[in-house]
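Here's the structure we're looking at; comments come further down.
Note on naming: letters A, B, ... go to the chains in the order of the sequence lines (proteins, then strands), and numbering restarts at 1 for each one.
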Amino acid sequence: MAALSAARRRWSLRLAAALLALVVAGVVWSDEALERSVKAAFLYKFSGYVEWPAEAAPSTDSPLVFGVLGDEDLAEELTRLIQARPSVARSMSVVRLKAFDPLPTVHVLFIGHAEADRLAAIIRSVRGRPVLVVTDTENALALGSMINFDLVEGHVRFQVGLGAARKSGLTLSSRLLAVAHQVVTRSP
Amino acid sequence: MLRAIPSLRMKIMLIVLVTTLAALLFVGVVLVAYDVRSHQASWASDLSLQAEVVGRTSAPAIVFRDTLTAHQSLALLSIRPEIRAAAVYGQDGRLFSTWARAGTHAGFPEVAGNEGYRIDHDRLVLFKTVRDADERVGAVYLLAHYDRAGRLTHYLPVVALVLLASLLVALGMSTLLESAVTRPVLAIADVAQQVKTQGDLSLRVRKDTRDETGQLVDAFNSMLVEVSEAHQSLLDSNRRKDEFLATLAHELRNPLGPIRNAAQYLRLKSADPASRPSLELIDRQVQHMVRLIEDLLDISRINRDALELRRSDFTVAELVNDVRDATQFAVEEAAQTVRWQVERRDLCIHADRARLVQVVCNLVNNAIKYTPRGGEIDLAVNSHRRDLQIKVKDSGIGIPRDKLRDIFEPFSQLDRSLEKTRGGLGIGLALSERLVTLHGGTINAVSEGLGKGSTFEVTLPIVAEMPAIPGQHDLTTLITGESRHILVADDNLDGAESLALLLGAMGHQVETAHDGVEALESLKARHYDTAILDIGMPRLNGYDLARQIRAQDWGRSIYLVALTGWGQAEDKQRAMDAGFDRHLTKPVQPEQLAAVLAET
């Protein structure tokens, strides 16, 4: 018994050391990459807390489509994340978009920081359509974004524009709101 | 333990209490054990649900890495006081957010464990997987304090209370019901006790159940019936035996009087010297037979409590002479020596002379019987204050120590095979013992064992202050010069004739009559000085005859002597009431006859 628990303790120590090594490596590797992967994961998870109007809701026939604009790396990360889950892969897809391309049917539209200058115009182009607009630019909520990433004390957080989402016919789960850094009810 | 308790009721109560207590304790232990287990299980599943709720609540926080919200969700657990600490682990299994109750210093596992719970003494550790949209996103960890002692202190008083109440109920019920079992048994015990103390065999136990105790009551009652019937028939047969003995002795004795009288007559009259020894032999054997029959009669009298002592005053010398006379022949025949040692010959004693002689003769005869030819017998008579002590010591076969008490039982003989050769009914010692007891004295036997001889000691409180009366006539002195005219009336022809012969030999003029009427006629016809009348005569019995004689002028002066087979005081009294002057019991001793006649 003592031998066993001793062995277990040794094993736990080794594991902890390995994990610590990983974390340190990650930080050294790139803060930016880590931030991107977190955002991709959040983006993927947001879909679980959003309800689309019945006619536009994703179903078995029409998979949930992520449109990614202005952030190639994140699109790649998101694609990889979806592919890693075979059961999810069949019901979700990622579409890479360019600014001012005619917008195909998407459920979630992510507009990267690269498109910050044209953000207002892009958001305006999808206004009224049941699309969850996610942005990565300061003050984007004022422009009609529904979820906007920001950094709080080095951690990725997000703000929610509840009014904009309602206008587009989307319902955001209260559980999502509970973990949001900031919730803005007033619509722009 | 139960055997030591003297009361059946207590036993039943104890059995009920012990059984109930054992059953209740068993149930109590099982209940407590079951409760502890089930309570623990339900508590754990309750906590597990709690963890599930917290997990679901904190799922978005885990997903979106919101430690603050996660902590807030965990802090909700503070409403459950037994939860000491909680933590949430992320999707990678690493510690994400923790919460601990104030004052609790709990360490948290670095990595989430497998789903499930584990109870270690009073600590419960639980891991619950958190799922979000069917996807495992993390785990919830709970550390709770399981208060087993608290639960027990909460539960045990209830069990104890129930136990006590059940015991009281059981006790009450058994008190109400036990009487159904104990009442018949106690009734039997009660009646048995009464039968034992009062000897009343007519008692019965009332039966009011039909179970085994009822059967016991029946059996007991029928046993009582049997015992009382057996007892009754024993009494009856004993009474019949006594009656038979009495009748037998009477019937055997009746012919002896005439035989003896005839022998006496021949002895007085016979001129042939060659026939004298034969006549003496007849006389002695008849005397012996009379003694045996008297013994039998006495035993039956004693058994019927009908023996009475006729006390008179006489001297030790007279006692010694009587005994010597009565035993001389047997002593000589056995070629034995009797050494007399008499302290005071002139000492006056007050007792039934015949009975006392009988007692001592019995002892001497016994000594003769059990002592080899040529042996010696010591006979000592001493006195101390009121006690007369007679000691008969022989050098005979002795008595085994364990038989010393038995020898005074009637019909008991030391060695039956031996006894056969020596004769006897086995009543001599028994009779002696009764007679001594009647005199208020004691008798005991001392023997060193077989072959060592034996000593019989009689102690009697009979020493009187009065001086002794002079001694008695010799047989030859019975022939007096004075001749009387005597009528002897007896329906027993031989009895009448032999008595007439004897009286004639004494020098009297005698005539006989054979019933009451004939006697009355004779008395009327001629003058008689004396009439000796049998009581049990046909046509006119002795009592009525005496009354009629006394009623006549000529009859007032006649000397009337009653002759009966019954020597009781009441018989005597009846005779006196009827007008008799004297009363004689059959068989009549010539000396008695002479004495009675001399009194006129």
Side-chain angles (χ1 to χ4, degrees), chain A residues 5 8-9 11-20 22-23 26 34-35 37-51 58 64 81-82 84-88 91-92 134 147 149-160 172-183, chain B residues 51-77 87-99 106-114 116 118-121 123 125 127 129-141:
Chain A
S5 73
R8 188 176 293 161
R9 203 174 306 127
W11 186 84
S12 304
L13 277 172
R14 269 187 216 144
L15 186 73
L19 284 169
L20 192 69
L22 254 173
V23 170
L34 180 67
E35 189 184 316
S37 77
V38 168
K39 282 175 181 170
F42 277 25
L43 193 60
Y44 158 72
K45 283 288 183 185
F46 285 150
S47 62
Y49 295 89
V50 178
E51 261 183 54
L64 191 144
L81 206 139
I82 290 169
R85 293 169 169 75
S87 65
V88 170
S91 59
M92 291 186 180
V134 182
I147 296 174
F149 289 117
D150 64 351
L151 279 173
V152 178
E153 293 166 7
H155 293 287
V156 178
R157 308 294 323 140
F158 58 89
Q159 304 160 314
V160 174
L172 300 188
S173 163
S174 65
R175 299 168 70 207
L176 180 67
L177 304 184
V179 293
H181 174 235
Q182 190 187 359
V183 177
Chain B
E52 174 91 39
V53 169
V54 169
R56 286 192 189 183
T57 314
S58 53
I62 300 170
V63 167
F64 298 110
R65 309 198 171 193
D66 184 355
T67 50
L68 187 68
T69 309
H71 180 79
Q72 283 168 353
S73 299
L74 290 176
L76 288 176
L77 293 170
V88 168
Y89 291 78
Q91 194 161 15
D92 53 4
R94 289 167 62 188
L95 200 54
F96 179 65
S97 177
T98 65
W99 168 84
F108 296 95
E110 278 298 324
V111 184
N114 292 327
R118 183 163 51 84
I119 292 179
D120 217 0
H121 294 294
R123 282 156 53 95
V125 176
F127 278 103
T129 302
V130 178
R131 290 177 190 281
D132 186 55
D134 291 340
E135 193 180 356
R136 185 185 179 281
V137 295
V140 172
Y141 162 83

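Only the side chain of A/Val38 comes within less than 4.5 Å of a heavy atom in chain B; its backbone stays farther off.
Note: A/Lys45 NZ to B/Glu135 CD = 3.5 Å, rounded to the nearest 0.5 Å. Between atom CZ of residue A/Arg175 and atom CG of residue B/Asp132 there is a gap of 5.5 Å, rounded to the nearest 0.5 Å.
Between A/Phe42 and B/Val63 there is no side-chain heavy-atom pair separated by less than 4.5 Å. Two residues are said to be in side-chain contact when any heavy atoms from C-beta on lie closer than 4.5 Å; B/Asp66 and A/His155 fail this criterion.
Within 6.0 Å of CD in A/Gln182 there are more than 12 heavy atoms belonging to other residues, nucleotides or ligands. No more than 12 heavy atoms of other residues, nucleotides or ligands sit less than 6.0 Å from atom CZ of B/Arg123.
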Give every donor-acceptor pair under 3.5 Å between a side-chain atom in residues 52-61 of chain B and any protein atom, sequence neighbours left out.
| from | atom 1 | to | atom 2 | distance (Å) |
| --- | --- | --- | --- | --- |
| B/Glu52 | OE1 | B/Lys128 | NZ | 3.4 |
| B/Glu52 | OE2 | B/Arg56 | NE | 3.3 |
| B/Thr57 | OG1 | B/Val53 | O | 2.6 |
| B/Ser58 | OG | B/Val54 | O | 2.6 |
| B/Ser58 | OG | B/Gly55 | O | 3.4 |

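Note: B/Phe64 and A/Phe46 have parallel aromatic rings, judged against thresholds of 30 and 60 degrees for the angle between ring planes.
With sequence neighbours excluded, the residues forming a side-chain contact (heavy atoms from CB on, under 4.5 Å) with B/Ala112 are B/Tyr89, B/Phe127, B/Ala139, listed by chain and number.
The minimum heavy-atom distance between B/Arg65 and A/Arg157, with the atom names listed, is O-NH1, 3.2 Å.
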